[in-house]
Amino acid sequence: MNNPNQERIYPAAPTLTSSQRARLRSMAADMPTIMQIGKGGLTENLAVTVSDALEARELIKLSVLETADCTPREAAEALAEALSATVVSVIGRKLILYRRSLNGKRHIEL
């Protein structure tokens with residue numbers, strides 16, 4: 001998977017403390033999953049869509065279907081690396097990603 005953020009340069013993903021992770025997990029607990037990763041796996045279109053969602057929301061929750069060709073942990077790590085995001089949590093088939101927005105409209109205080 002190439003870098004879908006070619007027009008924007010994001011800083012390296014921040015290292016989160018356990019209390020910051022816990023806060024982000026609690027914020028994501030009531031969030032709906034906004035995307036599903038299915039048998040198509042991790043495609044360029046999926047990465048661009050996830051990147052756009054991170055730019056708009058900073059914190060997103062995704063679901064990995066059982067038909068996917070990767071595990072939830074593999075999907076989380078691949079997306080985080082490609083998008084300069086941080087894996088907040090992987091629980092079951094759900095994963096939570098965080099990346100600070102460059103546009104400055106929404107900033108989650110860590």
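Using modelled atom types, one side-chain atom of Lys61 and one backbone atom of Ala28 make a donor-acceptor pair closer than 3.5 Å. Thr49 contributes a side-chain N or O that, together with a main-chain N or O of Asn45, makes up a donor-acceptor pair within less than 3.5 Å. Distance alone, capped at 3.5 Å, is enough to place a donor-acceptor pair between the Glu58 side chain and the Ser101 backbone. No donor-acceptor distance shorter than 3.5 angstrom exists from the side chain of Arg100 to the backbone of Glu55, with no hydrogens or angles considered.
Here Leu97 contributes atom CG and Thr86 contributes atom OG1; the two are 8.5 Å apart, rounded to the nearest 0.5 Å. Atom CZ of residue Arg73 and atom CD of residue Glu77 lie 5.5 Å apart, to the nearest 0.5 angstrom.
Partners of Glu81 by side chain to side chain contact (heavy atoms under 4.5 Å, CB included), not counting sequence neighbours: none found.
Taking both residues in full, the closest heavy atoms of Leu42 and Ala78 are given as CD1-CB, 3.5 Å, listed atom of the first, atom of the second, then distance. Across Leu83 and Ser51, no two heavy atoms sit closer than the pair CD2-CB, 3.8 Å.
For the pair Met35 and Leu46, the minimum side-chain heavy-atom distance is below 4.5 Å. Taking 4.5 Å as the limit, every side-chain heavy atom of Leu24 sits out of range of all side-chain heavy atoms of Ile96.
When each of Leu54, Ile37, Val87 is paired with Leu79, the side-chain contact (heavy atoms from CB on, under 4.5 Å) condition holds for Ile37 and for no other.
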(message) Under the criterion side chain to side chain contact (heavy atoms under 4.5 Å, CB included), I'd like the reasoning laid out for Ile108 against Leu59: C-alpha separation, chi angles, the key distance, then a yes or no.
(response) CA-CA 8 Å; Ile108 297 171; Leu59 184 68; 3.8 Å; yes
Compile the donor-acceptor pairs under 3.5 Å between side chains in residues 88-95 and protein atoms, sequence neighbours left out, one pair per line.
unit_1, atom_1, unit_2, atom_2, d
Arg93, NE, Val64, O, 2.8
Arg93, NH2, Leu65, O, 3.1

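For residues 19-35, the side chain to side chain donor-acceptor pair (under 3.5 Å) pairs, not counting sequence neighbours, are Thr17-Ser19, Thr17-Gln20.
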